[in-house]
Amino acid sequence: MFGQNGAVFGSALDFYHDSYKIKVLTSDMAYGAGLSRFKQKYPEDFYDVGIAEQNLIGITAGLASEGFKCVATAQSCFLSMRSFEPIRQYMGYMRIPAILIGINSGFALSYFGNSHYALEDLSLMRSIPNMTVLSPADAGEAVKAFETALKMNSPVYIRLSGTVGTPVVYADDFDYDYQKANIVFNQGNDVVFFATGSMVYQSIKAAEMLKNEGISAKVIDVHCLKPIDSDTILKELAGARLIVSIEEHFTNGGLGTAISEVLAQNQVATRMLNLGVLDRFCEVGDYQYLLAQNGLSLEQIVESVKQHLG
């Protein structure tokens, strides 16, 4: 109900505050990230640096180097792009174990326009040595990703996608292992979807529609893009007529590219359809309109799969 932002910042953060020496930092996103209650309850552990994402990372690195468990959050587009160089230096090169949380990833900020779409962040973050990159599918998995990040002694980027009311993928509790992708729909392997973030639910619905047309499908939630679960990818594509990568991110550098690297490194030849945001700037509109421009509506996904199956 609260979306991924609300689940992490409105629920999990408060629950774990006393177990870790947590400091929360943001760039003018206290309200937008759902941090208002935390700010009031723990004012000594909250820092709003204003619209200055580079400074956000510098201050985060300084506090983390003093032994605090630091959580820094900002709009994904600005956290990943405007702050890329300090993140590379402090979290990558110096291995400072901070948790970076990008909110409103993909097309979530629909009417704010192309300047606010976060479509490069997976590509950028997974290019940084020593960085773990997590992309949960729903609010429950976002909490589990955050719990895991708190226990790690290395830098982590968590990409929160979707908005309030984002559909639930995991209706029941489950064991979360960030190094293992999860099979969330399993009705055969004519088509195997490898999906991440908001596109996991979309892939499940597409698989259900394909099943009604006599095409069996499997959906795998690739919730960790670095390190990527190569073993599961190689195992689950065996026997598939078509594998499909799908993400609310540019097709360059994200999940599809990561899977292609796994295939190339293991000398595996297979039919692959890479669905994602096209290499262009979009016409501004609502969320569904933006998805449709890039072939990511439910009907378009199903039609693309059928065409590639021949």
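- Note: L225 CG to L122 CG = 5.5 Å, rounded to the nearest 0.5 Å.
- Proximity of V284 to Y117: side-chain heavy atoms (C-beta onward) are separated by under 4.5 Å at one or more points.
- No cation-pi contact links K226 to Y157, judged by a cut-off of 6.0 Å to the six-membered ring centre and 45° from its axis.
- In terms of heavy-atom proximity, S83 sits nearest to L79 at CB-O, 3.2 Å.
- I59 and V71 are members of different hydrophobic clusters when ILVMFWY side chains are connected at heavy-atom separations under 4.5 Å.
- Linking Ile, Leu, Val, Met, Phe, Trp and Tyr residues whenever their side-chain heavy atoms come within less than 4.5 Å leaves V268 and V191 in two separate clusters.
- D14 contributes atom CG, which lies 4.0 Å from atom OH of Y42 (distance to the nearest 0.5 angstrom).
- Between the side chain of N130 and the backbone N or O of R95 there is no donor-acceptor pair closer than 3.5 Å.
- Clustering ILVMFWY residues whenever any of their side-chain heavy atoms sit less than 4.5 angstrom apart, transitively, puts L109 in a cluster other than the one holding V8.
- In this structure a side-chain-to-backbone donor-acceptor pair under 3.5 Å is present from D190 to S216.
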task = Using the side chain to side chain contact (heavy atoms under 4.5 Å, CB included) rule, take S80 and M125 through it: C-alpha gap first, then chi angles, then the decisive distance, then the call.
result = CA-CA 7 Å; S80 61; M125 290 299 163; 3.8 Å; yes

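- Rounding to the nearest 0.5 angstrom, the gap separating the NE2 atom in H249 from the CZ atom in F107 is 11.0 Å.
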inquiry  = For a salt bridge (charged side-chain N to carboxylate O under 4.0 Å, His left out) check, start with the C-alpha distance between E261 and R126, then their side-chain angles and the critical distance, and finish with the verdict.
reply    = CA-CA 13 Å; E261 291 167 356; R126 76 181 194 91; 3.2 Å; yes

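- Residues S110 and D286 have side chains that never bring a donor and an acceptor to within less than 3.5 angstrom of each other.
- A 6.0 Å sphere centred on CG of N266 holds more than 12 heavy atoms belonging to other residues, nucleotides or ligands.
- Put simply, the side chain of L210 reaches to within 4.5 Å of the side chain of F193, judged on heavy atoms.
- No side-chain heavy atom of P136 sits less than 4.5 Å from a side-chain heavy atom of Y176.
- Heavy-atom minimum distance, L242 versus L273: CD1-N, 4.1 Å.
- Between I246 and L296, some side-chain heavy-atom pair lies under the 4.5 Å cut-off.
- Side-chain atoms of D221 do not come within 3.5 Å of backbone N or O of V200 as any donor-acceptor pair.
- Side-chain contact check for L56 versus L25: some heavy-atom pair is nearer than 4.5 Å.
- Using a 4.5 Å heavy-atom threshold, the side chains of I259 and M272 count as touching.
- Under the 3.5 Å distance criterion, the side-chain polar atoms of S161 are matched with a main-chain donor or acceptor of S198.
- Side-chain atoms of E247 come within 3.5 Å of backbone atoms of G256 as a donor-acceptor pair (strictly under, hydrogens ignored).
- For the residue pair D48/T26, the side-chain donor-acceptor check at 3.5 Å is not satisfied.
- Shown here is N153, whose CG atom has no more than 12 heavy atoms of other residues, nucleotides or ligands within 6.0 Å.
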inquiry  = N114 vs C282, test: side chain to side chain contact (heavy atoms under 4.5 Å, CB included). Steps then yes/no.
reply    = CA-CA 7 Å; N114 286 280; C282 297; 4.1 Å; yes

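- The line from NZ of K306 to CE of M209 is 8.0 Å long, rounded to the nearest 0.5 Å.
- Looking at T196, its side chain does come within 3.5 Å of a backbone N or O of V222 through a donor-acceptor pair.
- No more than 12 heavy atoms of other residues, nucleotides or ligands sit less than 6.0 Å from atom CD1 of I51.
- Judged by distance alone, the side chains of S297 and Q300 do bring a donor and an acceptor atom under 3.5 Å apart.
- The backbone N or O of K180 lies less than 3.5 Å from a partner atom in the side chain of H223, making a donor-acceptor pair.
- Other residues, nucleotides and ligands place no more than 12 heavy atoms under 6.0 Å from the CZ atom of F15.
- One hydrophobic cluster holds both F146 and L160 under the rule that ILVMFWY side chains link at heavy-atom gaps under 4.5 Å.
- The aromatic rings of F112 and H116 lie tilted to each other, with the angle between the two planes from 30° to 60°.
- Within a 6.0 Å radius of CD in E44, other residues, nucleotides and ligands contribute more than 12 heavy atoms.
- Proximity of S11 to V143: side-chain heavy atoms (C-beta onward) are nowhere separated by under 4.5 Å.
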message = Apply side chain to side chain contact (heavy atoms under 4.5 Å, CB included) to residues F9 and F38 and explain how you reach the verdict.
response = CA-CA 8 Å; F9 295 112; F38 185 91; over 6 Å; no

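- Put simply, the side chain of S76 gets close to the backbone of I103: a donor and an acceptor are under 3.5 Å apart.
- Between N189 and A238 the shortest heavy-atom distance is ND2-O, 3.3 Å.
- The two residues M91 and I96 have their closest heavy-atom pair at CG-O, 3.7 Å.
- Annotation for Q75 and N104: closest pair OE1-ND2, 2.8 Å, computed over non-hydrogen atoms.
- No side-chain donor-acceptor contact under 3.5 Å links N186 to the backbone of K218.
- How far OH of Y90 is from CD1 of I57: 10.0 Å, rounded to the nearest 0.5 Å.
- Here the OG-CE distance, from S154 to M131, works out to 9.0 Å after rounding to the nearest 0.5 Å.
- No salt bridge links K144 with E147; every basic N to acidic carboxylate O contact stays at or beyond 4.0 Å.
- Between D229 and I220, every side-chain heavy-atom pair lies at or beyond the 4.5 Å cut-off.
- A chain of hydrophobic side-chain contacts below 4.5 Å, direct or via other Ile, Leu, Val, Met, Phe, Trp or Tyr residues, connects V156 to I22.
- Among all heavy-atom pairs drawn from Y20 and L150, the shortest one is CE2-O, 3.5 Å.
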Test log, rule side chain to side chain contact (heavy atoms under 4.5 Å, CB included), inputs E141 and D138 = CA-CA 5 Å; E141 191 171 48; D138 66 5; 3.4 Å; yes

